[in-house]
Amino acid sequence: MLKIFRSLIIPALLLMFVFSSCTTEDGMEDDMEVVDDQDDDSGDDGTDDDNDNDGDTRIDISSLVAKFYYEESLVITVEDEYIIIESSNEPDHKSMYYDENHALFEAYDEPNNPDFKKNPNRINAQDFVFKIPRFPSEATNKEATPMGPMGVAVNSVAFFNQQAAPGDDILEELNTFDQYEGHPAQGGDYHYHIEPIWLTDNKLEKDSFLGLLLDGFPVYGPLENGQTLTNDDLDDYHGHVSETAEFPDGIYHYHVTEDLPWINGDGFYGEPGTVTQ
Ligand SMILES: [Zn+2]
Ligand SMILES: [Zn+2]
């Protein structure tokens, strides 16, 4: 059943992508030609589809922009080489960390965790600007992820890595997560260190695309082809190469897993972009 569904969906998505790239402004199409760099295959009347030459197989992730749904908190621009995501970083779900006058404030009365404790911070709107490579590529020297935002989810909320602020213990901080497993740092910057269950259990599915890390490689939920992945299924950076719903030809991607380090492992697999705040 699932496979039949997918086999219908994927061609539909491809058609949508082709359609949307035909309707973008002229400048973009010109750049696409430069990117594809297929003029070298002259003499075959364009019938040769075997473009297996190294160097001209860059994957364009700009089709993922449409998945970023929380427009109240996001402005996204696709440039030739980068995707610029401006985010006010305000979750679209309820939280005990919103101000009590906020429409999305909700007390967290019955946490399952006996060690639960609210931290003193409140959610404040941010001014994050993520500059993410549109054509992600594996880094020669893998860089550590930064403290603060290392990526952005489809609802505008930042992904943070598996480390707490200096002097704090991330396993202690788990006790401060709200009803959707996030919490704000001192600047009011709300974030997820672990599976964003608002997305995987409510808005989307366990195997959905959830957002991007700064290197442009996508983050997916814990499920793939009906199987829940563990850290053992992934490399040191917490990802692997395989097909995904959005990239049927395969792409490197990260997965969220149940256990530490949750989203990213030893750093970015790809060349990271930048984030300003
Ligand atoms: Zn945190
Ligand atoms: Zn995967």
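Count residues from 1 along the sequence. Every heavy atom of this structure was used, including side-chain atoms; hydrogens, water molecules and symmetry mates were not.
Under a cut-off of 6.0 angstrom, the local environment of CD in Glu205 is sparse, with at most 12 non-hydrogen atoms contributed by other residues, nucleotides or ligands. Gln186 CD: 12 or fewer foreign heavy atoms inside a 6.0 Å radius. When the shell of 6.0 Å around NZ of Lys142 is examined, it contains more than 12 heavy atoms from other residues, nucleotides or ligands.
Applying the side chain to side chain donor-acceptor pair (under 3.5 Å) test to every pair with at least one member in residues 263-274, sequence neighbours left out, gives these pairs: Glu138-Tyr269. For residues 151-168, the pairs satisfying side chain to side chain donor-acceptor pair (under 3.5 Å) are Ser73-Ser156, Asp92-Asn155, Thr145-Asn161, Asn155-Tyr192, with sequence neighbours left out. The salt bridge (Lys or Arg N to Asp or Glu O under 4.0 Å) contacts involving residues 174-196 comprise Glu195-Lys206, where partners must be two or more places apart or lie in separate chains.
Annotation: the span from Tyr252 atom OH to Ser137 atom OG amounts to 13.0 Å, rounded to 0.5 Å. For the atom pair Asp127 CG and Gln277 CD, the distance stands at 10.0 Å (nearest 0.5 Å). In this structure, OG in Ser88 is found 10.0 Å from CZ in Phe128, a value given to the nearest 0.5 Å. For the atom pair His255 NE2 and Thr230 OG1, the distance stands at 11.0 Å (nearest 0.5 Å). Separation of atoms CG (Leu212) and CG (Leu64) is listed at 6.0 Å; rounding is to 0.5 Å. Atoms CZ and OG, from Phe130 and Ser87 in turn, are 6.0 Å apart once rounded to the nearest 0.5 Å.
Cluster partners of Leu234, using a side-chain heavy-atom cutoff of under 4.5 Å among ILVMFWY residues and allowing indirect links, are Leu229.
Residues Ile123 and Pro91 have side chains in contact (heavy-atom distance under 4.5 Å, counting atoms from C-beta outward). Annotation: side chain of Ile251 is not in contact with side chain of Glu243 (no heavy-atom distance under 4.5 Å). Residues Tyr97 and Lys118 meet the side-chain proximity criterion, which asks for heavy atoms closer than 4.5 Å. Leu199 is listed as a side-chain neighbour of Leu210, based on a closest heavy-atom distance under 4.5 Å. Asp60 has its side chain within reach of Phe135: a pair of non-hydrogen atoms, C-beta onward, lies under 4.5 Å apart. Taking the side chain as every heavy atom from C-beta outward, Ile263 and Ile194 never approach each other to under 4.5 Å. Between His193 and Ile170, some side-chain heavy-atom pair lies under the 4.5 Å cut-off. Proximity of Leu104 to Lys94: side-chain heavy atoms (C-beta onward) are separated by under 4.5 Å at one or more points.
Linking ILVMFWY residues whenever their side-chain heavy atoms come closer than 4.5 Å, directly or via other members, places Ile59 and Phe217 in the same cluster. A chain of hydrophobic side-chain contacts below 4.5 Å, direct or via other Ile, Leu, Val, Met, Phe, Trp or Tyr residues, connects Tyr70 to Val152. Under the 4.5 Å side-chain contact rule for hydrophobic residues, Ile197 and Leu204 share a cluster. Side-chain heavy atoms closer than 4.5 Å link hydrophobic residues (I, L, V, M, F, W, Y) into clusters, and following such links, even through other members, never connects Val129 to Ile61. In terms of hydrophobic clustering, with Ile, Leu, Val, Met, Phe, Trp and Tyr side chains grouped at heavy-atom distances under 4.5 Å, Leu260 and Val256 are assigned to a common cluster.
Take Phe116 and apply the ring pair (Phe, Tyr, Trp, His ring centres under 6.0 Å) test, not counting sequence neighbours, and it matches Tyr108. Applying the side chain to side chain donor-acceptor pair (under 3.5 Å) test to Asp259 and every residue at least two apart in sequence or in another chain returns nothing. The side chain to side chain donor-acceptor pair (under 3.5 Å) search around Tyr82 returns none, not counting sequence neighbours. Partners of Asn121 according to the side chain to side chain donor-acceptor pair (under 3.5 Å) rule, which considers only residues two or more places apart in sequence or in another chain, do not exist here. Contacts of Tyr220 classified as side chain to side chain donor-acceptor pair (under 3.5 Å), with partners at least two apart in sequence or in another chain: Thr244, Glu246. Not counting sequence neighbours, the partners of His102 by the ring pair (Phe, Tyr, Trp, His ring centres under 6.0 Å) test are Tyr98. Applying the ring pair (Phe, Tyr, Trp, His ring centres under 6.0 Å) criterion to His238, with sequence neighbours excluded, gives no partner residue. Partners of Trp198 according to the ring pair (Phe, Tyr, Trp, His ring centres under 6.0 Å) rule, which considers only residues two or more places apart in sequence or in another chain, are His93, Tyr180.
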For Glu81 and Lys131, what are the C-alpha separation, side-chain angles and deciding distance, and is it a salt bridge (Lys or Arg N to Asp or Glu O under 4.0 Å)? CA-CA 10 Å; Glu81 292 292 332; Lys131 184 178 178 184; over 6 Å; no
Evaluate Phe268 against Leu214 for side chain to side chain contact (heavy atoms under 4.5 Å, CB included), listing each step before the verdict. CA-CA 8 Å; Phe268 293 115; Leu214 270 179; 3.8 Å; yes
So Glu106 and Ser95, side chain to side chain contact (heavy atoms under 4.5 Å, CB included) or not? Walk me through it. CA-CA 5 Å; Glu106 183 181 71; Ser95 173; over 6 Å; no
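Checked by atom type and distance alone, the side chain of Asp236 never pairs as donor or acceptor with a backbone atom of Gly265 at under 3.5 Å. Checking side-chain atoms of Asn89 against main-chain N and O of Tyr190 turns up a donor-acceptor pair under 3.5 Å. With Arg58 contributing its side chain and Pro136 its backbone, the two residues share no donor-acceptor pair below 3.5 Å.
Between Asn231 and Pro261, the shortest heavy-atom contact is ND2-CD, 3.7 Å. In terms of heavy-atom proximity, Ala164 sits nearest to Met147 at O-CE, 3.0 Å. The two residues Ala245 and Pro248 have their closest heavy-atom pair at O-CD, 4.1 Å.
Among the candidates His183, Arg122, Gln179, the single residue satisfying the side-chain contact (heavy atoms from CB on, under 4.5 Å) test with Met96 is Gln179.
No side-chain donor from either of His191 and Gln126 sits under 3.5 Å from a side-chain acceptor of the other.
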